[in-house]
Amino acid sequence: PGETSVLAGLYGPAEAKVSKELPDRAALEVLLRPKVGLPGVLERSREQLLRQTCEAVVLGVLHPRTAISLVLQVLSDAGSLLSCCLNAACMALLDAGLPLTALFCGVTCALQPDGTILLDPTARQEQEARAILTFAIASSERKVLMATTKGSCSVEEMQQCLATAQRAATTIFQFYRDSVRRRYSK
Amino acid sequence: RTVEPLEYYRRFLKENCRPDGRELGEFRTTTVNIGKCLCSITTADGSALVKLGNTTVICGVKAELAAPAVDSANKGYIVPNVELPSLCAERFRSGPPGEEAQAASQFIADVIENSQMIVKEDLCIANGKLAWVLYCDIICLDYDGNLLDASVFALLAALKNVQLPLVTINEETGLSEVNLKQKNPLIIRKHPVATSFAIFDDTLLIVDPTAEEEDLATGTVTIVTDEEGRLCSVHKPGGSPLTGAKLQDCITRAITRHKEIKKLIDKVIKSITPK
């Protein structure tokens, strides 16, 4: 959303290295490359979040002993980077035609100092915000697949952000549908 | 148990209890050792050893002096580093830190930042010239699940134990003088406590998972609360989807756990403070 853009490339299911293969399911690997510099600890923790989110939706048991690699390259960062990565990852999974149990989308909420909730904040709004919450919402029953918070907030505020995020998820899923339709309608 | 671990666990979970005899909402025995006499690290400025059942985590804090960054001249640094050496569990190999260690380090850094446990401005000695750097090394000695809870607890206990010597800057020479005789304890503003849950089969939530339970779980949630009941961090790295109500349930349990841990820490601090 806005100027933040992430390029996602998905490779798989392909042959896995013997050291990495799992006997009963596909081994998922996520690589996140920042725009400048080498991947650091922050990228590693983001990769872990993305990997476990994808593992929850991808039906790995249909492709045992294979590897699925997802490479994300950050092209520009103007706020809400993590949810942009989540959306890119999901669309890549869709495009590759991998079997999924559900779709997911990433939504970022920023809690401003005066208490208002802002969706998809820009970099400036993120800095001014009291807390930033990122959720990955699944398409089935709008359940929470992944949650991360930065900054502290009260429990009620978190629930409010969650409800707002779930409502926003509907819009994003509609966007998924439109994009896929456009791609395959030719 | 070795052939069909999931089925073995399912049978226990149906009765609402776990193989080691705990209830679903029960924590393992928590013990903490703080300070130079009880804890092993004598070269560190602050140290703590935490045992959560079998999971053992030791944290050492060293304070050093450095020049602050150009863009934040009145802020010091806190650098947490989580290590999972190969002696703690057979799945960890020696070499560069694996993904789990790096993700844990990032998590701890986020918790410190989010909870404002230590305000970086407190670490500054002279604007633009000198500030404290706190290197927090968290090393896992025995990994039996629930690393994040134990690490956060160890960090908190170690920081409460840190005594910083008074540093003054000599106006004429511009050099710093360290007064080792006069020591002040670190100012800790908030006390965050982490509570981890494991999700089984999309429905069941168990608290304080062991390593076996973590492997079998379909997802994990970690919630960090501070004493005012505010959420410092909600960390749910993927795994089975949860409804908002279930998440609320976890948060309520986390707040209860916080009170227990706070009492434990206060008790231990009081017992080692010299009169």
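Proteins get letters first, then strands, A, B, ... in listed order; numbering begins at 1 in each.
- When only modelled atom types and interatomic distance are considered, A:T134 and A:T148 share no side-chain donor-acceptor pair under 3.5 Å.
- For A:R44, the side-chain hydrogen bond (donor to acceptor under 3.5 Å, both in side chains) partners two or more places apart in sequence, or in a different chain, are A:E47.
- Side-chain atoms of B:D226 and B:S115 include no donor-acceptor pair closer than 3.5 Å.
- No donor-acceptor pair closer than 3.5 Å links the side chain of A:Q112 to the backbone N or O of A:E128.
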Salt bridge (charged side-chain N to carboxylate O under 4.0 Å, His left out) assessment of B:R257 paired with B:E260:
CA-CA 5 Å; B:R257 170 73 169 163; B:E260 292 168 13; 3.5 Å; yes
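- Only the side chain of A:R51 has a heavy atom closer than 4.5 Å to any heavy atom of chain B.
- Highest contact tally toward chain B, considering only A:A138, A:A136, A:G151, is held by A:G151 [criterion: heavy-atom pairs under 4.5 Å].
- For chain A, no part of B:E228 is nearby; none of its heavy atoms comes within less than 4.5 Å.
- With a 4.5 Å cut-off on non-hydrogen atoms, A:Q159 touches chain B through its side chain but not through its backbone.
- For B:L231, the parts lying near chain A are the backbone and the side chain together; criterion is any non-hydrogen pair under 4.5 Å.
- Per-residue heavy-atom pair counts under 4.5 Å with chain B were compared for A:A131, A:C153, A:A102, and the maximum is reached by A:C153.
- For A:E15, there are no side chain to side chain contact (heavy atoms under 4.5 Å, CB included) partners two or more places apart in sequence or in a different chain.
- Only the side chain of A:L162 comes within contact range of chain B, judged by heavy atoms closer than 4.5 Å.
- In terms of heavy-atom pairs under 4.5 Å with chain A, the best-connected choice from B:T252, B:V111, B:I251 is B:I251.
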